[in-house]
Each structure stands twice: as structure tokens, then as C-alpha cells.
Amino acid sequence: MHQRKVLAGIGISVAAALTLGGCSSSAGDDGGTVTLQMVESLTNPVRTELLDELIGEFEEKNPKITVELISPPTEQADQKIQQMLQSGSGVDVLEVRDLTVGPFSTNGWLDNMTEEFDGWDGWDKLTPNAKAVAEGDGEMYYVPYGFYGLSLFYRTDMIKDAGFDAPPANWEELLEQATAIQDAGNNEFGYAFRGGKNGFTNAVTAISAYVADQIDTDNAYKLENGDSIFSAPEASDALDVYFELFENASPPSSVAWGYPEMVEGFTNGSTGFLLQDPEVIASVQQSTAVTDEQWNTAPTLAGPSGKAFQALATAGWGIAEKSEHKEEAAKLIQFLSEGDASIRFTEGNSLVPIIQGADESEFYKIGPWESYLYMSEHPEDFVTGEQPRGVAWWTEWSEKADTELQQVLIGQMTQDELLASWDAYWTEKWANE
């Protein structure tokens, strides 16, 4: 029987010592058995348990391959993966995100898996979007395990008690309802604001909604006229609403909230609204503080034109360039990317599936998934586009954007200065491409 081998909660200093201390993919190989080190990034307990179950099934089918799953805390995971890749040891299979594929591949840390996947039977069963991501621009750095898409998680009881009979459809309605819900004295807050790591992404989401009718869907940081979205007058209007959400309708501590804290803020029952990906559905369903009757999801929020923007976002599994076991690593990724294993992972994490026809199951047609189905059936109102997440400077950008967002939140920078800085940054990068 498969024995759990998860190094959950490993800290950066411990991880670095383990990596620099010579832990490598070849360590522990004995009698023809290969040990693969696998590192996940978007860690949560439910997901890790499911992934470990699937790994156990893979090991039963492949008795000469052992997989050690490393599960760092989400907020530290990408940094830990980068440390391991830089050291050239300690990782064979890793979670690659659309946010990290650019920097990781530019630095030569990812294997181009084209050769390992040549002739793979699973190709023909992938959706067109999954194939497009995997094939990239002719270099295959990861196979997506599913797709993300923002929706608005909301407390049905809270909005009813505040006098509303439907969830907000746009950002201004969100501000109105979240402000009405806010009752700090009773530990009830309107909105789970993201002011910490990757907090800039939700600010960009608001701006994108306000320019949805003029956005360049091939590069969603641009308008159709070639200017950056941050230069549009509507961007200032969007941030007026967005920063007012923080001031009047969010917990003060959310100035530092990242992904785990904002999800916890909703699942523990203290906030009325959360803007997040479908993977959070599983977490809310397991909450003991919020019953199934007390919450649901609504389509992502629109701007003044009535249109909303949905960024095509994904993550998946890749192979480290320095891995000494690329054939076995590819075999693991193929197992996770096809058939029952793939469907169980996407349903267990509430992701848009990569297998053709999998989204036709009843799982995706009821309850909190209805909002995603509605958005997919109304593409004229929910504009889908690709943000430039694969550029080599994305990590640099995200650090800059997070820092400046924080400066606005604590009063050290104006929102106009922030928009001017973001516009100048992208305009210069594109000019030098």
C-alpha cells in the first residue's frame, strides 16, 4: 500500500538547506528503482491529499518508480521551486504556472518535453486550449492540468440580510453591497481584499473590466490602439472603486492578505465576497463555518460597458532541465494528464478540465459551477484574452506591482502615480522587445 511521502509545510530555510545539501533526483535509487522528486506550488491540504492518492496509483502501475511529493506553503512555493532549479538538484517534476513559465524557461531551468511526449496517446484527447498551451511556440515546457477563471464567491445570507435580492453584477454594485455588509464590530466584512502577494492581479482585473470593450485579447495589458490598459481614463475610475473597497468594505488586516488569507476570510465566514478561481469551490465546500445554503458563485464582475474580462489562466506539470530521469518524469506527467486521473484532479480542484467532453458531466452543470457555464455561453459579455504572463520579466513585474500597490494602500503613493508607473513600465518593455 502506498505510504504518504509528503513534506508539507517545509520552510524556505529548511528547503534551501535540503536542496543545497545535495538532495537530488538520483538519491535513494536502489536496485533499478528510480525516485522522482515532485514539487507542487498551489498547495492546500485537500489538493495534496488527492495528488498523493493519484501518485500512489501511478506507483502501483509503475513499481520501479517512487515519487516523493514536496508540498511547500503556497506563498513560499514558487521561491522554493526557483531555489531548487537554480541549484540544479532536488526536483524532477514541478508545477509550472503561466506566471512562472517565462522566467523559468528563459533561465534554462525547464526541459523542452517535446521528445519525451512524442507519440503520446493522450494528445488526441486534449481540448484545443490544452493542446495550445502544451505546444506553446514550438517548445513544450509544461502540460496544463486544468484552467482557472475568476468568479465572485458570495454569501447568500449576508446579501439578503443587507437588503439585496441578487449578487452584484459589476464592480460598483460590489462596492455598494460589500459596504452595506461591513460590520467590523461583529467581525463581518464585505470583501476579502488581496493586499499582499500577487495583490496587483485583482487590481488589474478591475481595470480590465473597465476597458473590456477596447482590450486587445492577444495581449490583455494593451488596448486595441496599442496603448497600455493603465493609460486609459477608465483605469483611474476602476481603481477609485477598487481602493474604496479596501477602505470601506474590507478587513484592515487584508492589507497583507495573499491567497491563503483571502480564501480563509471567506471560508471562515467573516467576509461576504471573494473574487477567486474555481479551485476554491472545493475549499468552501469543506468549510464547517459556511453551509452549502449560505454561499454560491456569480459571474465575474463587469465594468461600465456591461462587459467583463476573463484572463485565460492555467498551470500544469513540467520537468526540470537538470533531471536525470526525464523519461520517468514524463511518464508521471502523462499519467496525471489523461483519463480518470486527470478528471479526478480537475473535479477535485474545481478546474476547467483538459480532457475533451469532461466538462459535459453533471459535476459542471450544478451549484457553484453554473456561473462558469453561464460565462462560457455568453462570450460576447465575458471577453476572454491572454495576459502577457509568459514574458521573461513577469517576476520582476509582479514584485514591482505588488510593492507599489502596497504603497498606495498605506498612503505612500497615489493611485495616479501607480498607473503612470505601470504604464511607463510596460510601454518601455514593449519598445525594447
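Quick note: numbers below take in every heavy atom, side chains included, and nothing from hydrogens, waters or symmetry partners.
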> Verify, without hydrogens or angle tests, whether Asp227 (side chain) and Leu223 (backbone) share a donor-acceptor contact under 3.5 angstrom.
no
> Tell me every residue that passes salt bridge (Lys or Arg N to Asp or Glu O under 4.0 Å) with Asp340, counting only those two or more places apart in sequence or in another chain.
Arg344
> Just to verify, what does Asn268 make a side chain to side chain contact (heavy atoms under 4.5 Å, CB included) with, not counting sequence neighbours?
Glu264, Ser270
> Under the side chain to side chain donor-acceptor pair (under 3.5 Å) rule, what pairs show up with a residue in residues 386-396, not counting sequence neighbours?
Asp98-Arg389, Gln387-Arg389, Glu396-Tyr425, Glu396-Lys429
> Main chain of Pro45, side chain of Thr48: is a donor-acceptor contact present, judged purely on distance under 3.5 Å?
no
> Where is the tightest heavy-atom contact between Val211 and Ala232, given as atom of each residue plus distance?
CG1-CB, 3.8 Å
> Under a 3.5 Å distance rule, please check whether Asn186 uses its side chain to pair with a backbone N or O of Glu188 as donor and acceptor.
no
> Holding to side chain to side chain donor-acceptor pair (under 3.5 Å), I want the full list of residues that pass it with Ser151, two or more places apart in sequence or in another chain.
Tyr372
> What heavy-atom pair brings Asp240 and Gln415 nearest, and what distance separates the two atoms?
OD1-NE2, 2.9 Å
> Go through it in stages, so that I can follow the logic: the residues are Ile281 and Val284, the test is side chain to side chain contact (heavy atoms under 4.5 Å, CB included), and I'd like the CA-CA distance, side-chain angles, deciding distance and then a yes or no.
CA-CA 5 Å; Ile281 291 174; Val284 184; over 6 Å; no
> Atom NZ of Lys197 and atom CD of Glu261: how far apart are they, to the nearest 0.5 Å?
12.0 Å
> Which atom pairs, one a donor and one an acceptor, fall under 3.5 Å between side chains of residues 102-111 and the rest of the protein, sequence neighbours left out?
| residue | atom | partner | partner atom | Å |
| --- | --- | --- | --- | --- |
| Ser105 | OG | Val101 | O | 2.6 |
| Ser105 | OG | Gly102 | O | 3.2 |
| Thr106 | OG1 | Gly102 | O | 2.7 |
| Asn107 | ND2 | Pro103 | O | 2.9 |

> Write out all pairs satisfying side chain to side chain donor-acceptor pair (under 3.5 Å) with one or both partners inside residues 203-213, taking only residues at least two apart or from two chains.
none
> For side chain to side chain contact (heavy atoms under 4.5 Å, CB included), just list the numbers for Phe147 and Ile354, CA-CA rounded to whole Å, side-chain angles, deciding distance to a tenth of an Å, and then say yes or no.
CA-CA 8 Å; Phe147 290 89; Ile354 62 169; 4.1 Å; yes
> Pairs in or reaching into residues 305-316: which pass side chain to side chain donor-acceptor pair (under 3.5 Å), with residues at least two apart or in two chains?
none
> Scan residues 247-293 for pairs that pass ring-ring contact (aromatic ring centres under 6.0 Å, His included), counting only residues two or more places apart or in two chains.
none
> Donor-acceptor pair, Gln177 side chain versus Gly190 backbone, under 3.5 Å?
no
> So, Glu68 versus Thr35: side-chain donor-acceptor pair below 3.5 Å or not?
no
> Would you please test Thr297 and Tyr374 for side chain to side chain contact (heavy atoms under 4.5 Å, CB included) and show each step?
CA-CA 11 Å; Thr297 68; Tyr374 180 86; over 6 Å; no
> Assess whether atom CD of Gln294 is packed by more than 12 heavy atoms of other residues, nucleotides or ligands within 6.0 Å.
yes
> Do we see a donor-acceptor contact under 3.5 Å between the side chains of Glu234 and Gln214?
yes
> Please list all pairs meeting salt bridge (charged side-chain N to carboxylate O under 4.0 Å, His left out) that have one or both residues in residues 156-166, counting only residues at least two apart or in different chains.
Arg155-Asp157
> Tell me, yes or no, whether the heavy-atom count around Lys125 atom NZ, taken from other residues, nucleotides or ligands under 6.0 Å, exceeds 12.
no
> Got a sec, which residues hit side chain to side chain contact (heavy atoms under 4.5 Å, CB included) with Ala282, two or more places apart in sequence or on another chain?
Ser350
> Measuring from Leu245:CG to Leu174:CG, what's the distance to the nearest 0.5 Å?
5.0 Å
> Just by modelled atom types, is the Leu351 backbone N or O under 3.5 Å from a matching donor or acceptor in the Glu279 side chain?
no
> Does Glu417 use its side chain to pair, donor to acceptor, with the backbone of Met413 at less than 3.5 Å?
no
> Minimum heavy-atom separation for Gly195 and Leu409, please, with both atom names.
CA-CD1, 3.9 Å
> Can you check whether Trp397 and Phe200 have ring centres sitting under 6.0 Å from each other?
yes
> Look at the aromatic rings of Tyr148 and Tyr145 and report parallel, tilted or perpendicular, splitting at 30° and 60°.
perpendicular
> Can you tell me if Thr100 uses its side chain to pair, donor with acceptor, with the backbone of Val96 under 3.5 Å?
no
> Between Phe246 and Pro251, which heavy-atom pair has the shortest distance, and what is it?
CE1-O, 4.3 Å
> CG/Asn248 to CD/Gln182 distance, rounded to the nearest 0.5 angstrom?
8.0 Å
> Can you name the side chain to side chain donor-acceptor pair (under 3.5 Å) partners of Tyr141, sequence neighbours left out?
Glu139
> Taking the side chain from Ser254 and the backbone from Ala192, do they hold a donor-acceptor pair closer than 3.5 Å?
no
> Run the side chain to side chain contact (heavy atoms under 4.5 Å, CB included) check on Thr346 and Val352 step by step: do they pass?
CA-CA 7 Å; Thr346 54; Val352 177; over 6 Å; no
> Going by salt bridge (Lys or Arg N to Asp or Glu O under 4.0 Å), name the residues that satisfy it together with Glu95, two or more places apart in sequence or in a different chain.
Arg47
> Do other residues, nucleotides or ligands put more than 12 heavy atoms under 6.0 Å from the CD atom of Glu428?
no
> Does Thr74 use its side chain to pair, donor to acceptor, with the backbone of Thr43 at less than 3.5 Å?
yes
